[in-house]
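The next block holds one structure in the form of structure tokens; read it before the comments.
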Amino acid sequence: LLVAEPGAAQLEGERRVATIVIADVRGSTQLLEQVGTERWVGLMNHVLQLLEAEVYRLGGEISQFRGDGLVAFFGAATAHEDDPERAVLAGLAMQTALQRYARTPGRRGGGDLQLRVGINTGEVIVTSVGDRQHYSEDTAMGEAITVAARMESAAEPGTVLVSAATYALTKADFEWQALGE
């Protein structure tokens with residue numbers, strides 16, 4: 001697959017169906033203001049390690065850490081026939097891991113840690129972006145990622161919100177609560 005835009009370098013990539021998981025700690029900016037930069041960085045590092053472990057345990061791959069959250073793909077680099085189910089399981093496991101950590105007696109700082117998780121399944125283009133002489137990375141790009149981000153921003157703290165596409169592929173595997181359009 002080749003994608004070209006006027007005035008842009010040619011981008012090579014491969015179309016794939018993947019399930020995207022986007023997770024974000026709610027209220028992290030206020031938390032930063034409460035505990036200070038050093039404690040916040042230490043706390044977020046620990047939280048991201050907890051979340052990352054669940055993604056890898058279920059066969060996904062981290063694409064990006066975002067200060068207080070992450071983007072993960074199931075099926076972009078390595079495909080499993082049950083990637084949408086694995087992604088939902090990872091989202092639920094991340095919620096459980098963070099809730100367990102938030103209840104840890106004697107945990108220093110962090111207040112009320114809550115996570116929002118959004119998940120979508122759709123077509124992405126897996127490609128390498130950037131100038132290899134300076135900086136480049138392999139990633140997946142496309143509308144499916146934008147929809148996952150919308151799911152994350154619309155999710156209530158402590159929940160996993162999935163798109164209709166992911167729901168259609170996993171509806172028999174989980175108990176669901178319909179939220180409407």
M94 vs V21, side-chain contact (heavy atoms from CB on, under 4.5 Å): CA-CA, chis, key distance, verdict | CA-CA 11 Å; M94 287 190 288; V21 177; 3.5 Å; yes
Qualifying side chain to side chain donor-acceptor pair (under 3.5 Å) pairs, either residue in residues 69-94, two or more places apart | H80-D83, D82-R86
Between T104 (side chain) and Y101 (backbone), is there a donor-acceptor pair under 3.5 Å?
-> yes
Minimum heavy-atom distance between T159 and Q95, given as atom pair plus value = O-NE2, 2.8 Å
From L31 atom CG to R26 atom CZ, the distance as rounded to the nearest 0.5 Å | 10.0 Å
Identify whether I119 and V147 are in the same connected component of the hydrophobic contact network (ILVMFWY, side-chain heavy atoms under 4.5 Å).
-> no
For the residue pair G91 and V117, what are the closest heavy atoms and their distance?
-> CA-CG1, 4.1 Å
Applying the 4.5 Å side-chain criterion to the ILVMFWY set and letting contacts propagate, would L50 and L92 be lumped into a single cluster?
-> yes
Could you walk me through whether L115 and V47 pass the side-chain contact (heavy atoms from CB on, under 4.5 Å) test, one step at a time?
-> CA-CA 10 Å; L115 190 67; V47 166; 5.7 Å; no
Gap separating the CD1 atom of I62 from the CG atom of L70, nearest 0.5 angstrom | 4.5 Å
For residues 146-174, the salt bridge (Lys or Arg N to Asp or Glu O under 4.0 Å) pairs (sequence neighbours left out) are R116-E152
May I ask you to check whether over 12 heavy atoms, not counting those of E143, lie within 6.0 Å of atom CD?
-> no
Quick one: which of T121, N120, T170 gives a side chain to side chain donor-acceptor pair (under 3.5 Å) with T19?
-> T121
L58 vs F74, side-chain contact (heavy atoms from CB on, under 4.5 Å): CA-CA, chis, key distance, verdict = CA-CA 9 Å; L58 287 155; F74 288 78; 4.2 Å; yes
Ring pair (Phe, Tyr, Trp, His ring centres under 6.0 Å) with F65: which residues, sequence neighbours excluded?
-> none
Members sharing V126's hydrophobic cluster (side chains within less than 4.5 Å) = I20, I22, V71, F73, V124, I145
Residue pairs fulfilling salt bridge (Lys or Arg N to Asp or Glu O under 4.0 Å) with at least one residue in residues 54-68, sequence neighbours excluded | E54-R57
Side-chain heavy-atom pair W176, V162 within 4.5 angstrom cut-off | yes
What closest approach, in Å, do A18 and G75 show between heavy atoms, and which atom pair accounts for it?
-> CB-C, 4.0 Å
Smallest heavy-atom separation, L48 atom then G69 atom, equals CD2-O, 3.4 Å
Separation between CE (M151) and OG1 (T146), nearest 0.5 Å, reads 11.5 Å
Gap separating the CG atom of L98 from the CZ atom of R103, nearest 0.5 angstrom | 10.0 Å
Hydrophobic cluster identity match, L161 and V88, side-chain contacts under 4.5 Å | no
Are any side-chain N or O atoms of W40 and backbone N or O atoms of S28, one a donor and one an acceptor, separated by less than 3.5 Å?
-> yes
Given a cutoff of under 4.5 Å between side-chain heavy atoms of I, L, V, M, F, W and Y, with clusters grown through shared members, what are the other residues clustered with L169?
-> none
